[in-house]
Amino acid sequence: MEMYDPQTIEPKWQKFWDDKKLFKASEDSKKEKYYLLEMLPYPSGRIHMGHVRNYTIGDVAARFKMMQGFCVLHPMGWDAFGLPAENAAIKNKIHPAKWTYENIDVMRSQLKRMGYSYDWDREFATCDPEYYRWEQLIFLKMVEKGLAFKKSSSVNWCDGCQTVLANEQVEQGKCWRCDTVVVQKSMEQWFFKITDYADELLQDIDDKLQGWPERVRVMQKNWIGKSLGVNIFFKVKDSKIVLPTYTTRCDTVFSVTFIAIAPENPIVLDLVQGTKYEKGAKEFIAKVAKQTLIDRENEEKEKEGFFIGKQAINPASGEEIPIYIANFALMYGTGIVMCDAHDKRDFKFAKKYGIPLKFVISKDGKPMDANKAKEAFTDDGILFDSGEFSGMKNQEALPKMADWLEKKKFGEKTINYKLRDWLISRQRYWGAPIPIIYCDKCGTVPVPEKDLPVVLPTDVEFTGEGGSPLAQHSAFVNTTCPKCKKKARRETDTMDTFVESSWYLLRYCSSKYEKGPVDPKAAKFWMPIDQYIGGIEHAVGHLIYCRFFTKVMRDLKMIDLNEPVVNLLTQGMVCLGGSAMSKSKGNIVDPDTIIEKYGADTARLFILFAAPPEKDLDWNDNAVEGMYRFLTRVWRLVSEVPSSKHQIPNKEGEVWKHRTIKRVTEDIERFHFNTALSALMEYVNFLSENGTSREALETLVILLSPLAPHIAEELWQHLGHKESVLETPWPKWDPKALVASSILIAVQVNGRLRGTVEVPTDSSEEEIKNQAQRLEKVQAHVAGKQIAKVIYVPKKLVNIVVRD
RNA sequence: GCCCGGGUGGAGAAAUUGGUAAACUCACAGGACUUAAAAUCCUGCGGGCCUUAACCGCCCUUGCCGGUUCAAAUCCGGCCCCGGGCACCA
């Protein structure tokens, strides 16, 4: 047989798979279905090692399941809308569509060159009108249900990207894409009412996402941020206004000595209107508004406030307390906070502005003077000066005080979430148009379904100036009102690209379906996704959005499903020299150079062997070479058949064969590809040293095939098979065949290893214990001592416990 | 500050339920083959002690300290370090 030459055999088998349509998924109801999905790539230009890792992990699982007889859906597509395309257009004078589709062509061929088992017939790009028309339909249905709505509010604005951003796209006060500091702007924008689903999204994390990593579940819980508390009402003195304040610490109500209102809260203006404080208040609000999110967070300890000249009444104590606007008060809860000496922030603020403070909790319940204290008392303790609750532990009093406040009509229990509604408007061109028309007479009018899709016009110019090119495209903007047929304008904002990726997983079930976003029958067959694989960076963005969309589409009766993903695997990054591979750092290893030098199979093996999937992986050129060596060894070993000298399967060879089948099968099942490969290497070492048989080599090739499919096909053919190795059933191990004729027993004295004995597998406990004790070294350690007991762990070890 | 992970040879890592710590791979060193090199193959490879040397043997070793157990990388308590998430959310 020829030398191992991946450059000739790999394209050969890729073509073979393609021609035979081996990866085509069909709804074959006789078989059990398995939907395996990797997060779809953004077509940025070329495949990088992160993709290679993500897709190789998925491919092994897909091929493994195919061979186990599952009916596997393993699709691929393109998250094709987004800013880089538009930025490239401005910079290089190339149309975003052209740029995107050219990139897709390059990347598709790169993926094919890796030998991935995708059903390419289901491929789509999200920028295709045939895709986003259904997204526009979902949008319209959401408008009907009040789940998509327009409102004016303070939103995150990125000046770099010239667009607004969702909360999930702001990281440490900066834009997720370009790192520009995000500022707050008041704008009228479209939102999705994800907060309506906050409770279900939270509850299902515990009920239905047991197959998700704990890390992601915790992150989503934090993000949703449910808290139970009480809105306590503070009447404003000499006014009809009542200030509701949200608190989770109603046990401190008797200590409240001032009120802080968020500058964004419009109620401030009502309070100061016509008073001598009006001007100062407005100035203060303007000043805080100018602070970026980063400033307001970084400035951390620096509390600023403005007294608005009004007093409120503490309903519990009846005391009059001052009202402030304060920068540390956020638009969370009611945007009004009751403040006291048991909160660090409140305490600091009070000290700065000379506001009196009161403690009502101390360690032992003895009164303490807050005005003499240096810092807030935030521990649990015993209440004092708190009416009927004095003397109780504050944690025990808390629910009782909530009841009491409610009974006295001083407040009401409420639930708060940190999760905000999802802002989806983007002031950019390369996205799905929001299907809305504005008419002077009829107001905001949804585009009628029959007029979908609202197609993104292609004849636009990209200057990078003057806002979105769509807004300047008069043929697009100017239209007629569907209701009154008079002149009207189109919405020129496009949707956040995370909208596309929120439901693409459903579209794959029936990607050519023409009657709706998804064929309910296909969705019923394929969904939910049995295994989803992608990066941890999507933990609170994409992975919450796609759960939300699943529930929305369920409520729109498009599907019958609560959660889209049963099992989630988040793979680690690919690093070089200690940091993540990235263009900006210039530490890139291009997958193509590895393929050219060693072939796709070697690239796949390295990435699988170097680390378990969840961990970060350090790129190492030498280790890549090692994987190539291994494949060459396999090649040589198998090519020697049928002229091989030793062809006799013996007992030891049988044990090894079955043991290897067991190890590889179980390791692939739990995604431990590195140890699966170790097991194969050990088997190859064994066969090289002890001789092979046709059966042994066939087993080796089959077990190797999900990991290194090209070489496996070639060797399978060499072994005389006509069909693909993929069409060969995955072998089963025989538990009886695992039992060797003899076993090695470790012998310990007082827990220390002193030797081993090899005994026939069917030896009795007595025999083994006796043999162990007869060992010379054991005798030496036992001599002159008394044997207290002898412990026998079946098939593993003997431990002789001695005393002096 | 709170909540998750994690810490094992020169490197990447193994060790389903406590049971021979370091499998497998890389790197390194020595050897075989070769005129030579590459490739390939063989041997060694945690630390220390004993020994002229080899073999053998003994002790220590999974971040640190303590505990449970016949037996701990694994379980429990305390501490240190690294990575990630959340955080002016009342």
Side-chain angles (χ1 to χ4, degrees), chain A residues 3 213-223 225-227 229 245-250 252 256 260 262 296-303 326-340 342-346 348-349 378 416-418 536-537 539-540 572 605-606 609-612 614-627 629-630 632-633 636 663 666-667 670 672 674-685 688 744-756 777 780-781 788-803:
Chain A
M3 292 278 290
E214 184 59 19
R215 204 149 71 108
V216 176
R217 301 177 357 135
V218 168
M219 280 163 83
Q220 293 210 351
K221 282 185 190 175
N222 284 341
W223 191 258
K226 182 178 184 171
S227 77
T245 67
Y246 177 72
T247 184
T248 55
R249 288 293 307 275
C250 69
T252 64
V256 172
R296 234 165 122 182
E297 275 165 21
N298 262 1
E299 213 180 354
E300 237 193 48
K301 306 304 164 201
E302 195 44 47
K303 313 267 177 272
N327 65 343
F328 73 86
L330 305 177
M331 277 310 286
Y332 168 78
T334 59
I336 309 171
V337 191
M338 58 175 226
C339 300
D340 56 71
H342 293 289
D343 180 281
K344 275 186 191 161
R345 295 154 291 177
D346 301 353
K348 271 202 176 144
F349 185 87
T378 55
N416 254 297
Y417 298 91
K418 278 195 263 181
I536 186 77
E537 66 273 17
V540 291
L605 286 198
F606 169 74
F609 187 67
E614 309 81 20
K615 277 187 112 177
D616 286 351
L617 177 156
D618 261 312
W619 188 265
N620 178 335
D621 284 331
N622 285 322
V624 175
E625 185 97 32
M627 290 304 110
R629 272 206 292 266
F630 168 69
T632 311
R633 289 187 67 197
R636 278 203 310 266
R663 287 174 68 187
E666 290 179 347
D667 283 347
R670 55 184 185 137
H672 287 209
N674 53 338
T675 49
L677 194 45
S678 297
L680 287 169
M681 287 170 170
E682 285 180 57
Y683 193 41
V684 168
N685 291 344
S688 308
L744 200 65
I745 303 282
V747 182
Q748 301 178 329
V749 177
N750 281 355
R752 286 167 200 239
L753 186 72
R754 297 302 174 190
T756 54
K777 263 201 269 171
H781 283 92
K789 59 176 155 176
V790 180
I791 289 158
Y792 173 64
V793 180
K795 297 186 164 67
K796 285 246 168 76
L797 63 70
V798 173
N799 187 13
I800 300 154
V801 185
V802 296
R803 273 195 300 260

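Only a predicted model underlies this, so the values are computations on that prediction, with no experimental measurement involved. Every chain is numbered from 1, with letters handed out A, B, ... down the list of sequences.
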Rounded to the nearest 0.5 Å, what's the gap from [atom1] on [X] to [atom2] on [Y]? Could you check?
X: Thr252(A); Y: His342(A); atom1: OG1; atom2: NE2; answer: 6.5 Å
X: His781(A); Y: Arg752(A); atom1: NE2; atom2: CZ; answer: 8.5 Å
X: Asn799(A); Y: Tyr792(A); atom1: CG; atom2: OH; answer: 13.5 Å
X: Asn620(A); Y: Met627(A); atom1: CG; atom2: CE; answer: 9.5 Å
X: Leu617(A); Y: Phe609(A); atom1: CG; atom2: CZ; answer: 11.5 Å

First of Ser227(A) and Ala623(A) reached from the 5' end of RNA chain B, by closest nucleotide: Ala623(A)
Given RNA chain B, 5'-ward residue of the pair Met338(A) and Ala746(A), judged by closest heavy atom: Ala746(A)
With a 4.0 Å cut-off on heavy atoms, is [X] in touch with a base, just the backbone sugar-phosphate, or nothing at all?
X: Pro213(A); result: nothing
X: Gly225(A); result: nothing
X: Asp340(A); result: nothing

Whole Å only: how far is the [atom1] atom of [X] from the [atom2] atom of [N]?
X: Trp223(A); N: G84(B); atom1: CH2; atom2: C1'; value: 15 Å
X: Lys344(A); N: C2(B); atom1: NZ; atom2: P; value: 9 Å
X: Leu605(A); N: C24(B); atom1: CG; atom2: C1'; value: 13 Å
X: Lys348(A); N: A90(B); atom1: NZ; atom2: P; value: 18 Å
X: Asn222(A); N: G85(B); atom1: CG; atom2: C1'; value: 7 Å
X: Met681(A); N: A14(B); atom1: CE; atom2: C1'; value: 13 Å
X: Leu617(A); N: C26(B); atom1: CG; atom2: P; value: 16 Å
X: Arg249(A); N: C88(B); atom1: CZ; atom2: P; value: 18 Å

Span that lies between the [atom1] atom of [M] and that of [N], in whole angstrom:
N: A14(B); M: G7(B); atom1: C1'; result: 16 Å
N: A54(B); M: C50(B); atom1: C1'; result: 13 Å
N: C24(B); M: A36(B); atom1: C1'; result: 34 Å
N: A71(B); M: C3(B); atom1: C1'; result: 34 Å
N: A39(B); M: A27(B); atom1: P; result: 10 Å

More than 12 heavy atoms from other groups under 6.0 Å of NZ on Lys221(A):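 Yes, because the 6.0 Å sphere around NZ of Lys221(A) holds more than 12 heavy atoms from other groups.
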Side-chain touch Met3(A)/Thr632(A), heavy atoms, less than 4.5 angstrom: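 Answer no - side chains too far apart.
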Beyond-backbone contact of Val337(A) with Tyr332(A), side-chain heavy atoms, under 4.5 angstrom: no
Nearest atoms (heavy-atom pairs only) where [X] meets [Y]:
X: Met338(A); Y: Arg249(A); result: CE-O, 3.8 Å
X: Ala262(A); Y: Met331(A); result: CB-SD, 3.9 Å
X: Asn750(A); Y: Val802(A); result: OD1-N, 2.9 Å

RNA chain B: stems of at least 3 consecutive Watson-Crick or G-U pairs whose donor-acceptor distances fall under 3.5 Å: B:1-7 with B:80-86, B:10-12 with B:24-26, B:28-32 with B:40-44, B:46-49 with B:57-60, B:63-67 with B:75-79
Among [options], the one nearest [X] by side-chain distance:
X: Phe328(A); options: A90(B), C4(B), U25(B); answer: A90(B)
X: Arg345(A); options: C88(B), C86(B), C24(B); answer: C88(B)
X: Asn674(A); options: A14(B), C4(B), G19(B); answer: A14(B)
X: Thr248(A); options: A27(B), A23(B), A90(B); answer: A90(B)
X: Val218(A); options: A90(B), A87(B), C3(B); answer: C3(B)
X: Asn327(A); options: A90(B), U20(B), C88(B); answer: C88(B)

Base of C88(B) paired with side chain of Lys303(A) (donor-acceptor, under 3.5 Å): yes
Shorter than 3.5 Å, N or O on both sides, protein versus nucleotides 16-18 of chain B: list them out with atom names.
from   : atom 1 : to        : atom 2 : distance (Å)
U16(B) : O2     : Arg670(A) : NH1    : 2.7
U16(B) : O4     : Glu666(A) : OE1    : 2.3

Please enumerate all protein N or O atoms sitting under 3.5 Å from an N or O of nucleotides 57-63 of chain B, with distances to 0.1 Å.
from   : atom 1 : to        : atom 2 : distance (Å)
G57(B) : OP1    : Lys777(A) : NZ     : 2.7
C58(B) : OP1    : Arg754(A) : NH1    : 3.2
C58(B) : OP1    : His781(A) : NE2    : 3.4
C59(B) : OP1    : Arg754(A) : NH2    : 3.2
C59(B) : OP2    : Arg754(A) : NH1    : 3.1
C60(B) : OP2    : Arg752(A) : NH1    : 2.7

Could you list the protein-to-nucleotides 65-74 of chain B atom pairs, N/O on both sides, closer than 3.5 Å?
from   : atom 1 : to        : atom 2 : distance (Å)
C70(B) : O2'    : Asn799(A) : ND2    : 3.3
C70(B) : O2     : Asn799(A) : ND2    : 2.5

side-chain N/O Tyr246(A) vs C89(B) OP1/OP2, d < 4.0 Å: no
Syn/anti state of G9(B) by chi, 90° boundary around 0: syn
Taking only N/O atoms, report every protein-nucleotides 38-48 of chain B pair under 3.5 Å with atom names and distance.
from   : atom 1 : to        : atom 2 : distance (Å)
U40(B) : O3'    : Arg636(A) : NH2    : 3.4

Could I get a table of every N or O pair under 3.5 Å where one atom is in the protein and the other is in nucleotides 9-12 of chain B?
from   : atom 1 : to        : atom 2 : distance (Å)
G12(B) : O2'    : Ala610(A) : O      : 2.4

Test side chain to side chain contact (heavy atoms under 4.5 Å, CB included) applied to Asp667(A) and Thr675(A), Leu680(A), Leu677(A), the passing residue: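 That would be Thr675(A); it is the only one of Thr675(A), Leu680(A), Leu677(A) passing the side chain to side chain contact (heavy atoms under 4.5 Å, CB included) with Asp667(A).
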